[in-house]
Peer 1: 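Below you'll find the structure I mean.
Below, chains carry the letters A, B, ... as their sequence lines are ordered, and counting in each starts from 1.
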Amino acid sequence: MKERILVVCEKPTAARRIAHALDDDGAPEAYDEGGVPLFIAGRGDFELVVVSALGHLFSIAQDGGKWTYPVYKYSWVPAHDADKRQARTKRFIQAIERASKGATGYVSACDLDMEGSLIAYMVLLNVCGEGSLNEAKRMRYSTLTERDLIRAWEGMSPTLDYPLIEAGRTRHEVDWLFGINLTRALSLSLKNASGIFKTLSIGRVQGPTLNFVKEREVEVKTHVPTPFWVIKAETTIEGRRIPLDYTEARIGKKSDARKVVRACQGKDGVISTVSTRRVEQPPPPPFSLGDLQREAFSKFRYTPRTTLNSAERLYLSTHISYPRTSSQKIPPTIDVRGILEGLRRRKEYTRLAASLLKESKLRPMQGAKDDPAHPAIHPTGTIPGMITGVDARVYDLICRRFMASLSGPALRENVSAKVTVDAEGSNYAFFLRGTKLVEDGWIKFYEPYVKEKGSELPKLSKGQKVPFAKLRSLERYTKPPARFNPGSLLRLMEDEGLGTKATRTDIVDTLFKRGYVKGSTTEITDLGFTIIENLERYVPDILSVEMTRSLEEDMGRIQRGEFSRANAITKTVEVLESTLSGFKAHEVRIGSEISGAITREEERSSYLGRCPGCGDGHLRIIVNKKTGKRFAGCSNYFAGKCTTSYPLPQRGRITTTEISCSECGAPIIKATLRGMSPWELCINIDCPSKRGGSTDE
DNA sequence: GCAAGGTC
């Protein structure tokens with residue numbers, strides 16, 4: 001009988017790769033136990049039973065069931081017991097339990113990070129028994145290639161990485177203590193003050209993220225536009241109108257701007273220098289998930305969620321690699337040539353793929369970011385049949401980006417000519433700027449998605465006269481900073497180290513779901529603002545990125561043996577003890593402020609405009625409590641003064657515009673149906689604007 | 001009914 005060793009992996013794909021790499025013949029026996037993969041591999045004198053987790057199989061649950069706070073007692077339990085939505089994990093635990101029978105050795109082969117170490121530890125502790133921990137070893141690999149995996153097997157650590165495991169447990173427990181207690185404190189303040197129940201969540205990542213949105217809103221609202229002046233000039237060379245840039249893009253004083261115009265008006269400028277610079281533009285690296293989401297937002301206005309869902313579908317249908325990656329690298333083990341052979345079979349890529357295949361060496365541009373578990377997002381070379389809409393565009397973006405990353409740099413020639421005017425004893429400088437693409441390199445692969453980059457100048461020479469065709473100064477005003485779009489908020493979180501590639505999109509979604517933020521420009525709501533105001537008063541730490549920094553520091557100290565989980569938990573409970581008692585003391589005030597904000601927000605989002613029937617009431621969206629149907633009704637109805645009402649679309653989302661129809665005076669609403677772009681319509685079905693044209697029913 | 005982190 002061979003000795004049986006249980007190898008615990010983090011996810012099914014990893015288990016498959018590990019089993020294949022470690023099996024002597026590269027062909028392990030594969031089983032499917034009700035959706036849970038299991039592999040038996042032979043390696044020398046050992047029989048390896050390779051099992052898979054599905055991320056975390058164990059999580060934290062409160063001891064006892066009361067929905068109140070403070071709560072400091074908790075245990076690690078099977079994830080399916082803590083959360084109904086994790087029902088799938090039950091089968092994984094059961095399958096691992098069966099597979100572990102008769103095992104005498106154990107290997108943790110999860111991802112080489114804190115979470116991975118914890119996943120395997122919890123499985124061994126709770127499924128295989130405490131005794132298994134003493135026998136357990138740790139495989140350390142950073143890519144799932146055969147070479148790396150074999151090396152990891154042979155150089156296995158003789159024990160589990162306890163400092164890392166302890167740091168991971170601490171992260172979970174501290175986040176749970178803060179999140180559960182503060183969420184309950186907020187939700188219960190509202191309930192006790194107004195009787196309304198609404199989940200008002202907050203946590204280490206939600207807090208600072210919401211605070212960024214609030215701070216940006218304050219900047220937008222408090223922005224004072226200050227005037228500045230720009231010089232607009234134009235010349236005509238060889239019959240072409242070309243803009244001239246004045247040396248100062250913004251002029252602070254009106255008199256200074258007018259002086260320039262007065263001095264140069266009617267004069268000719270002279271070209272004093274022409275400088276030509278060749279600039280190489282390296283190809284972009286292949287996509288990480290964040291890069292893909294930002295690019296899809298910028299090119300197609302897809303939200304990060306839409307892009308992630310689409311990438312997930314493309315991955316499950318085998319057309320692209322695993323999308324939840326932070327890597328911008330394609331390792332040499334990936335069969336780039338094979339992928340291009342595949343892409344060549346798709347007619348829109350035939351020419352491009354073929355031109356790359358002619359190269360003797362194909363080396364993808366590598367970005368700086370890496371991911372221990374996955375390469376950058378790339379096509380697999382299997383050709384999708386019919387894909388349309390979002391998936392087709394996301395797929396095209398990925399394929400073109402991948403091919404672009406494999407090609408050469410683009411070469412541009414930038415020309416800048418200095419045009420001077422001597423007038424009234426002073427010297428004024430303007431510039432003519434142009435650019436020419438000398439070699440298109442990667443640009444021809446990525447063409448539809450490359451930003452337009454200026455145009456070419458006619459041939460210019462020193463001493464050439466440049467007559468001003470147009471010259472004037474224009475007053476402009478400084479603008480407030482832009483609100484976040486879904487991509488820029490994710491980028492800020494990434495830069496600040498908030499959340500992970502797998503959780504950031506979910507956390508932003510949560511802020512929307514809670515009603516803290518709204519709209520495509522991520523505006524803070526009254527509710528979100530009031531939540532922040534009250535947290536600022538009683539728990540300012542939860543709004544600060546410093547909390548994440550200090551947690552990271554503590555985890556580092558735990559890994560170095562300078563601090564312990566018990567210390568970290570004691571510290572957390574001490575902080576919570578005092579903040580939660582302060583919170584409780586002011587519960588009524590906090591709760592009524594929040595309930596006031598919810599009422600204001602509801603009134604605002606249901607307000608349609610002045611009633612065209614009576615002229616003085618307000619039209620609002622009213623939902624019939626019995627039937628759930630909605631319609632527009634006048635606020636004077638209950639005073640018995642006005643019965644004006646309009647039917648509303650029953651499906652989709654309605655947002656108010658506060659604009660009235662120019663034909664009939666009824667309010668215009670914006671309707672959004674799932675998967676369609678929003679459209680604006682007048683709510684009056686008898687409106688003259690709807691006659692004569694085609695009907696949209 | 002809650003967090004943030006895995007994974008699908």
Peer 1: Measure from CZ on R169(A) to C1' on dG6(B) and round the result to the nearest Å.
Peer 2: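 Computing the R169(A):CZ to dG6(B):C1' distance gives 17 Å.
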Peer 1: Count the heavy atoms belonging to other residues, nucleotides or ligands that lie under 6.0 Å from CZ of R85(A), then report whether that count exceeds 12.
Peer 2: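 No, the 6.0 Å shell around CZ holds no more than 12 heavy atoms from other groups.
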Peer 1: How close or far is atom P of dG5(B) from atom NZ of K11(A), stated in whole angstroms?
Peer 2: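 From K11(A) NZ to dG5(B) P: 16 Å.
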Peer 1: How many whole angstroms separate atom CG of D113(A) from atom P of dA4(B)?
Peer 2: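 These atoms are roughly 19 Å apart.
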Peer 1: Between L308(A) (CG) and dT7(B) (P), how many Å, whole number?
Peer 2: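 Computing the L308(A):CG to dT7(B):P distance gives 12 Å.
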Peer 1: Rounded to the nearest angstrom, tell me the gap between atom CG in L164(A) and atom P in dG6(B).
Peer 2: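 Going from L164(A) (CG) to dG6(B) (P), I get 13 Å.
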Peer 1: Check whether any side-chain nitrogen or oxygen of S59(A) sits under 4.0 Å from OP1 or OP2 of dG5(B), and answer yes or no.
Peer 2: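 Indeed not, no polar side-chain atom of S59(A) lies that close.
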Peer 1: What is the separation between atom CZ on F58(A) and atom P on dT7(B), rounded to the nearest whole Å?
Peer 2: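 For the pair F58(A) CZ and dT7(B) P, the rounded distance is 17 Å.
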Peer 1: Looking for any heavy atom pair under 4.0 Å, which part of the strands does G499(A) touch: base, sugar-phosphate only, or nothing?
Peer 2: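 Contact class for G499(A): sugar-phosphate only.
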Peer 1: Please report, rounded to the nearest Å, how far the C1' atom of dA3(B) is from the CZ atom of R85(A).
Peer 2: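 Distance check: R85(A) CZ to dA3(B) C1' gives 11 Å.
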Peer 1: Nearest to the E312(A) side chain among dC8(B), dG6(B), dA4(B), which nucleotide is it?
Peer 2: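 Taking heavy atoms from C-beta onward, the closest nucleotide is dC8(B).
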Peer 1: Taking the side chain of I507(A) as its heavy atoms from C-beta onward, which of dG6(B), dC8(B), dA4(B) lies nearest to it?
Peer 2: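 Of the options given, the side chain of I507(A) lies nearest dA4(B).
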Peer 1: Measure from the side-chain heavy atoms of L54(A) and tell me the nearest of dG6(B), dA3(B), dT7(B).
Peer 2: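 Selected nucleotide: dT7(B).
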Peer 1: So, are D175(A) and R204(A) salt-bridged, with charged N and O less than 4.0 Å apart?
Peer 2: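 Result for this pair is yes, salt bridge flagged.
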Peer 1: Which nucleotide, dT7(B), dG5(B), dA3(B), lies nearest any side-chain atom of I180(A)?
Peer 2: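 The answer is dA3(B), which lies nearest to the side chain.
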Peer 1: Taking OP1 and OP2 of dG5(B), is either one under 4.0 Å from a side-chain nitrogen or oxygen of R204(A)?
Peer 2: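 Yes, within the criterion.
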Peer 1: If you look at every strand shown and take non-hydrogen atoms under 4.0 Å, does Y322(A) touch a base, only sugar-phosphate, or nothing?
Peer 2: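 Y322(A): backbone/sugar contact only, no base atoms under 4.0 Å.
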Peer 1: Tell me which of N181(A) and R504(A) sits closer to the 5' end of DNA chain B, going by the nucleotide each one is nearest to.
Peer 2: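 Nearest-nucleotide comparison on DNA chain B picks N181(A).
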Peer 1: Nearest to the side chain of W176(A), heavy atoms from C-beta on, is which of dT7(B), dG5(B), dA3(B)?
Peer 2: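 The answer is dA3(B), which lies nearest to the side chain.
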Peer 1: Just to confirm, is there a sub-4.0 Å distance from OP1 or OP2 of dC2(B) to any side-chain nitrogen or oxygen of Q62(A)?
Peer 2: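 Answer no for this pair, as no side-chain N or O of Q62(A) is under 4.0 Å from OP1 or OP2.
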Peer 1: Does dA3(B) have OP1 or OP2 under 4.0 Å away from a side-chain N or O of S201(A)?
Peer 2: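 The answer is yes; a side-chain N or O of S201(A) sits under 4.0 Å from OP1 or OP2.
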Peer 1: Counting side-chain heavy atoms from CB outward, which of dC8(B), dA3(B), dG5(B) is closest to E115(A)?
Peer 2: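 So the nucleotide nearest the side chain must be dG5(B).
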Peer 1: For T503(A) and dA4(B), is the shortest distance between a side-chain N/O and OP1 or OP2 below 4.0 Å?
Peer 2: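 No.
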Peer 1: Taking atom types as modelled, find out whether H378(A) and S321(A) have a side-chain donor-acceptor pair closer than 3.5 angstrom.
Peer 2: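 Yes, side-chain donor-acceptor contact under 3.5 Å.
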Peer 1: Applying a 4.0 Å non-hydrogen cut-off, can you work out what E173(A) is touching in the nucleic acid: base, sugar-phosphate, or nothing?
Peer 2: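 No contact.
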Peer 1: Using 4.0 Å as the upper bound for N to carboxylate O, is an ion pair formed by E574(A) and K571(A)?
Peer 2: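 Salt bridge flag = no for E574(A) with K571(A).
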Peer 1: List the atom of F300(A), the atom of V394(A), and the distance in Å for their closest heavy-atom pair.
Peer 2: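 Looks like CE1-N, 4.5 Å.
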Peer 1: Tell me the closest heavy-atom pair linking L511(A) and L210(A), and the distance in Å.
Peer 2: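 Between these two residues, the closest heavy atoms are CD1-N, 4.0 Å.
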Peer 1: As a test of reading the structure: which of dC2(B), dA4(B), dC8(B) is closest to the side chain of P12(A), going by heavy atoms?
Peer 2: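 So the nucleotide nearest the side chain must be dC8(B).
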